[in-house]
Trainee: 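Take this structure, written in structure tokens, and hold onto it; I'll ask about it next.
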Amino acid sequence: MSGDWGPVLVAVVLFVVMTPGLLFQIPGRNRVVEFGNMQTSGASIAVHAVIYFGLITIFLIAIGIHIYAN
């Protein structure tokens, strides 16, 4: 019995990378893009959610990443 771990791995990695304020934030509080400021806002949460949805759609549906484990 094998499971497809591709969607799980892609979702977790993108969730960590796309967390607003961790690596970058769009829009920032003072500039359009801020890096590593560890702050967030409602607008940046919305923008990062749309980017997350777009990237996860591309990786899982368009490219079709699959990782099988025994």
Trainee: Considering only residues two or more places apart or on different chains, which pairs with a residue in residues 23-49 satisfy ring-ring contact (aromatic ring centres under 6.0 Å, His included)?
Mentor: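 Found Phe24-His48.
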Trainee: Starting at CG of Leu9, measure out to CD1 of Ile65 and round the result to the nearest 0.5 Å.
Mentor: 8.5 Å
Trainee: In terms of hydrophobic clusters joined by side-chain contacts under 4.5 Å, are Ile45 and Val47 together?
Mentor: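 Hydrophobic grouping puts Ile45 apart from Val47.
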Trainee: Would you mind writing out the side-chain donor-acceptor pairs for residues 14-21 within the sub-3.5 Å range, not counting sequence neighbours?
Mentor:
{"residue": "Thr19", "atom": "OG1", "partner": "Phe15", "partner atom": "O", "Å": "2.7"}
{"residue": "Thr19", "atom": "OG1", "partner": "Val16", "partner atom": "O", "Å": "3.4"}

Trainee: Say whether, by atom type as modelled, one donor and one acceptor occur between the side chain of Arg29 and the main chain of Thr40 under 3.5 angstrom.
Mentor: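 Confirmed, Arg29 side chain pairs with Thr40 backbone.
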Trainee: Ile58 and Val50: same hydrophobic cluster, using ILVMFWY side-chain contacts below 4.5 Å?
Mentor: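 No, Ile58 and Val50 fall in different hydrophobic clusters.
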Trainee: If you compare all heavy atoms of Ala11 against all heavy atoms of Tyr52, which two are closest, and at what distance to 0.1 Å?
Mentor: O-OH, 3.4 Å
Trainee: Mind checking whether Met38 and Leu22 have side chains closer than 4.5 Å, heavy atoms only?
Mentor: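 Counting from C-beta outward, Met38 and Leu22 do come under 4.5 Å.
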Trainee: If only atom types and distance count, is the side chain of Asp4 paired as donor or acceptor with the main-chain N or O of Tyr68 below 3.5 Å?
Mentor: no
Trainee: With a 4.5 Å cut-off on side-chain heavy-atom distances among I, L, V, M, F, W and Y, is there a chain of contacts connecting Phe53 to Leu60?
Mentor: no
Trainee: Roughly how far, to the nearest 0.5 Å, is the CD atom of Gln39 from the OG atom of Ser44?
Mentor: 10.0 Å
